[in-house]
Amino acid sequence: MAAKKKTEPRTWLFKSEPDVFSIDDLQKAPKQTTSWEGVRNYQARNLLRDDVKVGDRVLFYHSRTEPIGVAGVAEVVREAYADPFQFEAGHKYEDPKSKPEAPTWVTVDIRFVERFDEVVPLATLKATKGLEQMMVTQRGSRLSIQPVRPAEAKIVLKLGRG
DNA sequence: GCCAACGTTGGC
DNA sequence: GCCAACGTTGGC
């Protein structure tokens, strides 16, 4: 009997401003787990909703800070569900057009895996052979949830682990 | 803090 | 459905 074919875990890059939520915040969070609420971009939403699966790896990226770069690793522990903040009146993430019977925005839960001793800076990613095509190294790349190719993930992990 | 790049909104 | 105006992101 053929074994049930399992999809290989994928790797994603999630951007966060550490002033808002950092890899340290994730490590200190209850159960070292957080909901990734607040995604309000359709392309990122589609990835979260359709492609991000339990067991996938997440490169935790710090933006708008010093140093900018990949700060550590997390893993997906819960797949897409309605982001509760879209229905919270007056909340920053409220979306009055979204209805509970057909939520527009979703979130996933991620759990801390590792914190790199040193952030792998964006400048290093840009200068590293094999990462020329990586989305985050492209000019004007604003997507907050990005797919990472397996070969790219391998290189970034090697850099992060020294 | 600046501002280029990008995404969304809304008048027509 | 076009596209100018506006708002946001995020590197620098």
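A quick note: this is a predicted structure, and the numbers were derived from the prediction, not measured. Proteins get letters first, then strands, A, B, ... in listed order; numbering begins at 1 in each.
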Legend entry - Worked check of side chain to side chain donor-acceptor pair (under 3.5 Å) between A:W12 and A:D56: CA-CA 8 Å; A:W12 306 93; A:D56 283 358; 2.9 Å; yes
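With sequence neighbours excluded, the residues satisfying salt bridge (Lys or Arg N to Asp or Glu O under 4.0 Å) with A:D24 are A:R115. Shown here are the side chain to side chain contact (heavy atoms under 4.5 Å, CB included) partners of A:A44, two or more places apart in sequence or in another chain: A:V39, A:N41, A:L143, A:S144, A:I145. Considering only residues two or more places apart in sequence or on other chains, A:T65 meets the side chain to side chain contact (heavy atoms under 4.5 Å, CB included) condition with A:P18, A:H62. Residues satisfying the side chain to side chain contact (heavy atoms under 4.5 Å, CB included) criterion with A:T137, sequence neighbours excluded, are A:L125, A:K126, A:M134.
At distances below 3.5 Å, not a single donor-acceptor pair connects side-chain atoms of A:E75 with backbone N or O atoms of A:I110.
Distance CD (A:E17) to P (C:dC12): 15 Å, rounded to an integer number of Å. Following rounding to the nearest Å, A:D19 (CG) and C:dG11 (P) show an atom-to-atom distance of 13 Å.
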Dump every N/O contact between nucleotides 8-10 of chain B and the protein below 3.5 Å, one line per pair.
unit_1	atom_1	unit_2	atom_2	d
B:dT9	OP1	A:K97	NZ	3.3

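Sorted by residue number, the members of residues 126-144 of chain A with any non-hydrogen atom under 4.0 Å from DNA chain C read A:K126, A:R142.
Annotation: A:E118, atom CD; neighbour count of heavy atoms from other residues, nucleotides and ligands within 6.0 Å does not exceed 12.
The aromatic rings of A:F21 and A:F60 are tilted relative to each other, their planes meeting at an angle between 30° and 60°.
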